[in-house]
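Structure, as structure tokens:
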Amino acid sequence: MDLGTAFAAGLQLDFANLPQQLVNGILLGSIYALIALGYTMVYGVLRLINFAHGEVFMLGAYMALFVSWWLGYSPTATTLGQSSWVNLLMMLVASMVVCAIIGMLIELFAYRPMRSQPRIASLITAIGVSLMLQYAGALFLPNSPPQPIREEINPYRNEVLQIPLKPRDTTFIEKIKVEEAEFNAAEAAVKARMETEGVKSEFDLSPEGRLLRETRNDERNDVTNMKSEYERSGVSLLIPYGQLIMFVTALALMLILRHIVMNTKPGRAMRAVSLDFDSASLMGVNVNRIVTLTFAIGSALAGAGAMMSATFLGLSLTTFFGVQPGVKAFVAAVLGGIGNIPGAVLGGLLMGVAETLVVWSGYGDYKDAIAFVILIAVLLFRPGGLLGSSKVEKV
Amino acid sequence: MSLLELNNATIKFGGLVAVNDVSFAVSKGDLFGLIGPNGAGKTTCFNLITGVYKPTSGSIKFKGRELSGTPSNKVAQLGIARTFQNIRLFKALSVLENVVVAAFLRHRVGLASAIADLPNSIRETQELKDQAMALLEVLHLDKVAHTRSCDLPYGMQRRLEIARAMATQPELLLLDEPAAGMNPQESDDLLRVVRQIRDQFNMTVLLIEHDMRFVMNLCEKIVVLDHGCEIAQGPPEAIRSNPKVIEAYLGEPV
Amino acid sequence: MKRRSFLYIALGAVFGAGILAGCSGGGSSESGGGTGTTATGDSIKIGLVASLNGDQRPWGVDSERGVRLLVDQINEAGGVNGKKIELLVGDSNSDPQIGKSATEKLISDGAVVVLGEVASGITAQMAIACTEKGIPLVAIGATRDDISDKGPDIFRVCYRDSFQGPVMAKFAFEELGLKRVALMTDKKIPYSTGLSNSFRDYYAMLGGEIVDEQFYEGGASTQFNAQLTNLKGKNPDGVFLSGYFTEVGPIVRQASQVGLTNVKFMGGDGWDSKEIINSGGEAIVGGYFCNHYSDQEDRPEVKAFLDAFVAKYNERPGTTMGALAYDAAAVAVEAIKAVTGDVSSKSVAGALHNLENYKGVSGDITFKGQGGNPPKRALVVELQADGTQKPVKAYAPTDVK
Amino acid sequence: MKYWPTRVVSILAGLGACFLISAAADASGNDYTKRLVVLAGVWVILSVSLNLINGITGQFSIGHAAFWQVGAYSAGIISVQHYANSGITGLPWLLLMMVAGAIFAALAGLVVGLPSLRLRGDYLAIVTLGFGEIIRIIVQNQKPLGEAYGMNVSPKFQFTWLVWLTAFAAIAICRNLLKSAHGLPFLAVREDEVAASAMGVNVTRVKVTAFLIGSALAGVAGALFAHYEGFISPQQFRMEQSFIILTMVVLGGTGSITGSVLAAVALFYLPEKLRDMGPVTGGQLLAGTFATVLAVYLVKRVIDHFHGTKKEAAIRHLGIVLGCMALSFVLSIVLNQVPVLASARYEAEKLRMVIFSGVLIILMLVRPQGLLGHAEFSWEWLKRVLGQRRSEAAQTS
């Protein structure tokens, strides 16, 4: 929207939608948070912005695609196997494992040789790796046309969780039935007319037939209107099952991560390394192993996010698939305080909600700028991010 | 009138009181020592004076002017220069350049002239370099003037920090453990240099030092801090025999 | 001292040489219409700029395949007037600026005519480069209207957005009987904004109501819940999605999940891909969009093209750009055939301006008297559950005004 | 000493060099070459100006394309709306637009520079990156600016020499700054902010100045670019462009002006030159990749573990590279016996970006401090090198 017209138009707020939009925001944010964790963990131990994280995400999505093909859901398949949650779990695990391996390999070959070098040099290597994966991937991965995962693999694709907040006006149900009956009659009339005229398409009908069709169209619009009025007579939150699964899985993975970091030995080592790289290695922590582990865990989380995004949202995969989620997640990580694990989660959720609210307020075309606006505003007041501590440099 | 005056200066970091109610006054021409065990708050005092931190309460006056809240670079302009406990040279710059950065404080030519490379800028650059060279000679660093500062041996780096601080032409020079890590020979040299600074360059020196021999030989007045509190003040002889100081350094007599 | 004076002499010499050079022509600015290139030797070079890298690679790869198919066919049949056609390919990396460099490289390598781009933004830059050199450009899928304003010899084999948008508006209003339509526009691609505008204007003119317009950025969005929830609140009968299929599929799939059911989804030729049915899922079945042709048509040109394409590449073209690229190359070759005498960009441009009733895969193409914008029919197709596109209504250029 | 003669001669030589470049580009009679020359100039300005912010002052800015875009669009829109009734034509107008581009970009630089006072390192990086995206999205949504499609900029001014003159001016500004005592505070801020501040350097002012000059230069580049191209669109100022500029700075050697210039020209020409490469079979691709990885590994080992003279190290590097090239050749013949690999053909146009990113990674792995490190080209350096040769020759004879 042109800024001039935007100011003239003002805000168009539909408060009935607000609860739903908040839910949408949290669903969106949970995926940002999941990817942001990878950035934040790597940053925590190496002080390196892993620009290739978005590409790891992309490769995870491709892995999910390949598993779905292997399971019989190839683009051309006409007879599909039984869809079940086992399929989804297999895709999830495969994506996570493959991403973990890719993350470790990237660290081993591209970042480890650079560890003693200035950080900006590793940053350029990271950019190089990211470009390499995008462009070399384009040569070898199926991407023209972009490939989506077939939705049939998801057994819960047609289910939506409804949480009623205010019951609907049930008197509409009868009215809808009446309207639908009228519509069905009109539809049948069109069908009959098509048979008598012997045409395949309803758009080839004679003038008389067109008249019937127009009546049918009016009836259909009536049904639509009545149905939406019925819907709007009550308020309920809709959560697609797919996205609910995404949210719950993301939450579970984050809790597992928290457990690993807080309560296990490698987790303690990880925290030690992130506090002071050199001292940790002097204290007998095998720093290389911990860095590898960090990359593995962070990349696995990205893989999980990628698999779920690709499967439940119907996204088409190209090798540039990871660029924007990568940037968004990076912003989320910085917003929460890079290097800080709860911060990444908070930053991700906050960004999801912020973006959704921008769309809600009618400025959807500025959706992708809002993340950065919030980020800049937050950093001005808390230079270390929301939960990050801006360390006072010791003089 | 005293040159530098701390009145009940206090700073708290969260619950920790790093400097508590410290008051002392440095007069012009003093060689003033600030000593105390590790963690006593000496360097924090320096940071308060040079504007790295702002005191929670109390005042710091320099030539009668309130300093607290003044940013570091303003403090330097007013005439206070310092060295750092953990050496903070401009590592990739040469020795000469390190000193010129500090001497640049007194520059007059504007940025536009520099960008246009006008004669006055060239002349000034040369002047600053000459000044810096002269200082380096005083501190016997002229032979390494074009070496990268991080390639210097440790003792020289310490001396370079002093040269750099002096290049801002301060009235008050704060030296943070100048003799740390030096052997007796080097620290004797340093002793002479610091005296020379006071006598030849008319600078007042306030220094932090752990080397007692160094401090006692050099300083005319000493303040002792412990756990952020001032526990003694006076000439070296008085300090040496002060039971509180002995206790602070050696612990409670058993 | 001696060395320094040598330095001065050297610098003085550089200066002198520079000034001389400068006087002789360094300050030239506007270079009006160029003179173009002339084919010499035993081959005629035609250039193709395509997005072989970057996020528009799917279209780039398809257009390269389409053009290469035609060039190979022509050469196997003995070329044009005994001369082989040589195809030069330049990569635009999905970037307008690099696309322009690629165009100029092709021209400097001797291309007499340049084919390409699918994206309007890149084609606009190419058109500028071609116009400066006096080279004719045949755009493949750039439907944005103002492309052809960039120069006198800018042609295209597709229809324009100012036709495509109204066709869908008319279809929606008259045939589908939709009275309340919402728009969803991809703000990142010029194609989508242009198409949305032309749809909106014509639909309003017909008397329909545009209830809402929502925006997203292609490649930047994964979840469209927020936009779709807004749309749902506006209670539309239909939604016009003017973006590329890469986003349209997920949008439609997610629309059904947030309860935006009972609406008709419509779009432009950006929908065309065999994968849209997989990304859109069950929800997109029954969606209508405007296309250049359908592989279900039983015209002989379509059959011949598909057979040849499958024989060469072992699969059907991924998008409609395969066919349009084939047509673009075909009209260029047709024009070269029509040239009598020297094959130069000037003569080819002239021949293109005189081209009439070429039977292309995507329909009849006539440039004569049309200023580079052939009046082409548009085909509204309906997506079937098996992924095929069922042609439901064809619109002639005269059907919408 | 002999100030004015030196000055006049070097300025005139700079002018002369610009005209020479321009004349050479024109003489090629090839608009592709000419465009590359002009764009190379634009990239040089961009990389030198980012070097001032990033390399010299140490402020980690990765959104430089935003300033370029602000310059291009502000100059463009002013030209479109006011050229006709301004009464100024030709070069003076373009100069005016360059000033306008510089002012608007500098204002943008101020907006970014101010928060940078509170932010360090990666936080600043993400703010600059975000600023770039915000600018792009705002522009993309403005009707008068042509939204995503872009806008025509008329009139077009295609002065090759002016682009290069600006590039030389940018280089001169940075070089003069570094040569005078004024440049040292910038370097001091990069090295240690606390110490610099304690030495009386006004860190705030230095940072803001760096952002102002750097962004103003990028704005000038934008104005020139917009008027040269005649058509600009938001797609040309994507985030990737910022990364490329950053890469030029780092690859050239952070802080080295010479390095920035060389890297800008090299990184700009590399992908364009790769267009001329022939098609490659799968076998060749595999062999080349393998040999390159091996060579990088070995060279890296030599760098890390070899402590001999530079000459010996260089000979070893050369040996390794030649050996790997031979290996790649032999391997490609062997691998091409495998039918699958022999039949898979990759056109150069498709491999361009892969090779580009590969070169990037390799250069960073082998030479992380950048091509030139902190070194600068200077006549003294040239004389030293030449003098060394001469004295060596004298010794041997």
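Order of the sequence lines fixes the chain letters, A, B, ..., with proteins taken first and strands second; residue numbering starts at 1 for each chain. Owing to the predicted nature of the structure, the values given are computational and were not obtained by experimental measurement.
- If you measure heavy-atom distances from B/Ile115 to chain D, the contacts under 4.5 Å come from both the backbone and the side chain.
- For B/Leu174, no part sits under 4.5 Å from any heavy atom of chain D, backbone or side chain.
- For the pair B/Arg164 and B/Phe90, the cation sits on the ring face: its NZ or CZ lies under 6.0 Å from the ring centre, inside 45° of the axis.
- Contact of D/Thr209 with chain B is made through the side chain alone, with heavy-atom distances under 4.5 Å.
- Of the listed residues (B/Ala167, B/Ala165, B/Pro119), the one with the most heavy-atom contacts under 4.5 Å to chain D is B/Pro119.
- In terms of modelled atom types and a separation under 3.5 Å, the side chain of D/Asn51 and the main chain of D/Val249 share no donor-acceptor contact.
- In terms of heavy-atom pairs under 4.5 angstrom with chain D, the leader among B/Ala92, B/Ala102, B/Ala81 is B/Ala92.
- Both the backbone and the side chain of D/Ala196 come within contact range of chain B, with heavy atoms under 4.5 Å apart.
- Residue contact with chain D, scored on non-hydrogen atoms closer than 4.5 Å, is absent for B/Thr50.
- The six-membered or imidazole ring of B/Phe24 lies near that of B/Phe32, with a centre-to-centre distance under 6.0 Å.
- Heavy atoms of D/Leu178 lying under 4.5 Å from chain B are absent altogether.
- Between the side chain of B/Glu186 and the backbone N or O of B/Gly155, no donor-acceptor pair lies under 3.5 Å.
- Contacts with chain D were tallied for B/Ser121, B/Pro170, B/Ala114; B/Ala114 has the most, counting heavy-atom pairs under 4.5 Å.
- Looking at B/Ala116, only its backbone comes within 4.5 Å of chain D, counting heavy atoms on both sides.
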Would you please test B/Asp117 and D/Arg175 for salt bridge (charged side-chain N to carboxylate O under 4.0 Å, His left out) and show each step? CA-CA 9 Å; B/Asp117 205 16; D/Arg175 173 232 174 232; 3.6 Å; yes
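- Using a 4.5 Å cut-off between heavy atoms, B/Leu128 contacts chain D through its side chain alone, with no backbone atom that close.
- Between chain B and the options D/His182, D/Glu191, D/Arg7, heavy-atom pairs under 4.5 Å are most frequent for D/His182.
- Neither side chain, B/Asn98 nor B/Arg148, offers a donor N or O lying under 3.5 Å from an acceptor on the other.
- Between B/Phe46 and B/Phe84, the gap from one ring centroid to the other reaches at least 6.0 Å.
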For side chain to side chain contact (heavy atoms under 4.5 Å, CB included), just list the numbers for B/Ser149 and B/Leu160, CA-CA rounded to whole Å, side-chain angles, deciding distance to a tenth of an Å, and then say yes or no. CA-CA 8 Å; B/Ser149 63; B/Leu160 175 56; 3.8 Å; yes
